[in-house]
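What you see is a predicted model; the values in this text were computed from it and never measured. All values below were derived from every heavy atom in this structure, side-chain atoms included, with hydrogens, water molecules and symmetry-related copies excluded. Counting starts at 1 for both ligands and their atoms, in listed order. Numbering starts at 1 and runs along the sequence shown.
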Amino acid sequence: MLPTAPIPLTIGPLRLATNLLLAPIAGYCDLAFRLVARSCGGVGMASTDLLCPEGVLRENKRSLELAATCPEDSPLCMQLYGSDIDRLCEAAMWAEDRGAHVIDINMGCPVDKVTKKDGGSKLLCNPDQTLRMVEQIKSCLLRTPLTCKLRLGWDDSSIVAPYLARRLEDVGVSLITIHGRTTAMKFTGQARLDGIAQVVASVQRIPVIGNGDVRTPEDARHMIEYTRCAGIMIGRGALIRPWLFRDIWSHLTTGIIPAEPTIDEKCAMIRRHFHGLCQYRTEQIAVLEFRKRISWYARTMSPCRKLKDPMRQINSAADFETVVSAFQDWRKDYDEQLHAGRIAPITDDLIEAA
Ligand SMILES: Cc1cc2nc3c(=O)[nH]c(=O)nc-3n(C[C@H](O)[C@H](O)[C@H](O)COP(=O)(O)O)c2cc1C
């Protein structure tokens with residue numbers, strides 16, 4: 001028997017290929033990375049990082065980069081944050097004109113810069129006002145479904161997500177994503193499955209997506225079975241394993257978890273990501289990004305120091321290629337020697353200590 005029977009997700013008129021969504025992660029889930037995750041398979045929809053309404057309306061360079069997309073980056077959700085109703089309405093219309101398939105309102109960001117201006121998870125603190133805001137944004141959109149991404153509440157004494165989700169459904173929101181933490185938790189502790197389940201139980205007609213700490217296909221299956229959520233959103237787990245969506249979808253539909261990509265396949269992903277950054281941004285940004293991004297990829301590329309240390313020194317695309325090729329050659333030789341029993345496995349701890 002299959003572990004569970006996933007139904008590809010429907011968001012208003014939009015039917016997705018799977019029920020798995022790539023989360024917005026400011027500074028990480030840009031166009032180049034979204035294309036890497038999509039190329040691995042299993043991504044039903046991806047999202048831009050949170051977009052500032054004033055920035056997109058002024059069409060400043062950074063906002064346009066954050067909102068950049070291309071035909072393969074589809075279907076795409078554009079996420080907006082803030083609390084100024086007029087600006088959010090205009091920005092939602094802007095996103096609709098720029099081809100967003102879905103528009104999401106951020107109701108989960110715990111960062112001071114956002115909450116001090118009453119945006120992000122501060123919207124959870126005044127549900128009535130938030131509902132009025134959402135209703136108005138919805139009335140400005142001609143065809144694009146509107147969704148909301150919530151946390152459970154500001155803190156344990158104000159768990160509003162089940163109530164707010166129900167009311168958001170009533171004003172015509174097409175999907176709710178619930179990150180199973182409060183704002184006070186920031187990113188600490190464990191995402192609460194009971195909290196997600198309460199939100200699922202509170203709405204009747206629209207899908208609820210569970211989010212938080214899904215790192216493996218088993219985590220995803222457990223979240224779906226425990227909470228009855230309609231799908232899963234994944235953030236940090238995808239930075240380590242962009243192929244996680246493929247694995248989860250396979251696990252949910254066939255019970256099989258595919259073999260992990262080989263080192264050569266992972267190097268091909270890294271190259272694709274780097275060259276995407278060069279193409280959509282600049283070589284200089286690709287270099288700076290990869291000096292920090294490599295630590296996420298390297299977690300599954302043992303011995304990680306052999307890749308991370310030289311990558312942190314790169315200054316150009318040529319340096320990048322030298323580092324990746326050298327790692328591939330080193331790993332090939334190492335795997336052969338290991339296979340022949342000539343050497344003992346090197347653990348990352350030993351490498352760190354060396
Ligand atoms: C560095 C960072 C940036 C984030 N940026 C956003 C964002 O722009 N919009 C948003 O809705 N959530 C954002 N999140 C929250 C994630 O989308 C997600 O809800 C959270 O990380 C839990 O899921 P995960 O355990 O799968 O990562 C961010 C999280 C992190 C760690």
Side-chain angles (χ1 to χ4, degrees), residues 19-31 33-34 37 42-53 55-56 62-63 65-67 76-83 88 91 95 100 102-115 117 119-124 146-153 161 173 175-193 195-196 199 208-220 222-224 227 229 231-242 244-245 247-248 289 292-293 295-296 299:
N19 60 348
L20 307 173
L21 311 184
L22 174 61
I25 299 213
Y28 289 90
C29 292
D30 54 11
L31 175 56
F33 180 71
R34 295 197 297 270
V43 176
M45 186 172 72
S47 174
T48 64
D49 293 341
L50 80 182
L51 303 172
C52 166
V56 294
R62 184 67 191 126
S63 294
E65 274 173 0
L66 287 172
L76 179 69
C77 169
M78 291 194 188
Q79 188 188 62
L80 300 169
Y81 76 94
S83 61
L88 278 164
V102 170
I103 293 167
D104 186 72
I105 305 298
N106 181 317
M107 301 188 184
C109 182
V111 173
D112 282 354
K113 202 175 126 200
V114 172
T115 56
K117 291 191 176 160
S121 61
K122 199 66 193 294
L123 294 172
L124 303 173
L146 185 64
T147 65
C148 297
K149 180 165 177 280
L150 285 66
R151 282 188 180 235
L152 298 174
V173 161
L175 172 143
I176 301 282
T177 303
I178 177 71
H179 175 191
R181 288 187 171 84
T182 61
T183 307
M185 289 169 80
K186 303 239 164 112
F187 292 95
T188 61
Q190 279 290 305
R192 298 178 185 163
L193 296 189
I196 295 175
V199 176
V208 173
I209 302 299
N211 168 242
D213 302 342
V214 171
R215 299 283 186 278
T216 65
E218 290 86 354
D219 292 343
H222 179 59
M223 185 181 274
I224 290 175
T227 69
C229 63
I232 303 278
M233 178 179 274
I234 299 160
R236 292 165 295 177
L239 303 182
I240 304 169
R241 293 185 177 80
L244 186 55
F245 303 91
D247 287 2
I248 295 174
E289 279 286 306
K292 72 173 178 170
R293 289 298 284 260
S295 58
W296 293 89
R299 291 201 208 177

Using heavy atoms and a threshold below 4.0 Å, how should the contact between Arg236 and ligand 1 be classified: side chain, backbone, both, or neither? both
Locate the shortest heavy-atom distance separating Thr115 from Lys122; write the atom from each residue and the value. O-CG, 3.6 Å
Taking distance alone, with N or O pairs closer than 3.5 Å, would you say Arg181 contacts ligand 1? no
Atoms of ligand 1 close to Arg215 [distance to a heavy atom under 4.0 angstrom, numbered from 1]: 25 (O)
Numbered atoms and elements of ligand 1 in range of Ala23, under 4.0 angstrom, heavy atoms: 17 (O)
So which heavy atom in the protein is nearest atom 26 (O) of ligand 1, and how far is it from that ligand atom? Gly235 N, 2.8 Å
Provide, to 0.1 Å, the distance between atom 9 (N) of ligand 1 and the closest protein heavy atom, together with that atom's residue and name. Gln79 OE1, 2.8 Å
Has ligand 1 got any nitrogen or oxygen that is less than 3.5 angstrom from a nitrogen or oxygen of Asp213? yes
Nearest non-hydrogen protein atom to atom 12 (N) of ligand 1, with distance, is Lys149 NZ, 3.0 Å
For atom 4 (C) of ligand 1, grab the closest protein heavy atom and report residue, atom and distance to one decimal in Å. Ala26 N, 3.4 Å
Keeping the roles fixed (side chain from Arg151, backbone from Lys186), state whether a donor-acceptor pair exists under 3.5 Å. yes
Contact between Gly237 and ligand 1, counting heavy atoms under 4.0 Å? no
Which heavy atom in Ile234 sits nearest to a heavy atom in Asn211, and how many Å separate them? N-ND2, 4.4 Å
I'd like to know if the side chain of Asp213 reaches the main chain of Ala191, judged simply by a donor and an acceptor atom lying under 3.5 Å from each other, with no hydrogens or angles considered. yes
Can you tell me if Ser121 uses its side chain to pair, donor with acceptor, with the backbone of Cys109 under 3.5 Å? yes
Which value, rounded to the nearest 0.5 Å, describes the distance between Ile248 atom CD1 and Asp219 atom CG? 8.0 Å
Identify the two heavy atoms, one from Ala238 and one from Leu244, that lie closest to each other, and give their separation to 0.1 Å. N-CD2, 4.5 Å
Taking atom 6 (C) of ligand 1 as the reference point, the nearest protein heavy atom with its distance: Pro24 O, 3.2 Å
N/O of Leu50 under 3.5 Å from N/O of ligand 1, yes or no? yes
Looking only at non-hydrogen atoms, find the nearest pair between Arg181 and Gly189 and report the distance. NH2-O, 2.9 Å
Does ligand 1 have a heavy atom under 4.0 Å from the side chain of Phe187, from its backbone, from both, or from neither? side chain
Please determine if Asp49 and Arg34 form a salt bridge, counting it only when a charged side-chain N lies under 4.0 Å from a carboxylate O. no
How far is atom 18 (C) of ligand 1 from its nearest protein heavy atom, and which residue and atom name does that atom have? Asn211 OD1, 3.3 Å
Taking 4.0 Å as the limit for heavy-atom contacts, which would you say applies to Gln190 with ligand 1: side chain only, backbone only, both, or neither? neither
If you scan protein heavy atoms around atom 2 (C) of ligand 1, the nearest is Ile25 CG2, 3.5 Å
Give a yes or no answer on whether the side chain of Thr147 reaches the backbone of Thr177 with a donor-acceptor pair at less than 3.5 Å. no
Note: Pro53 and Leu88 closest approach over all heavy atoms is CG-CD2, 3.7 Å
Only heavy atoms of Ile234, strictly under 4.0 Å: list the atoms of ligand 1 that pass. 26 (O)
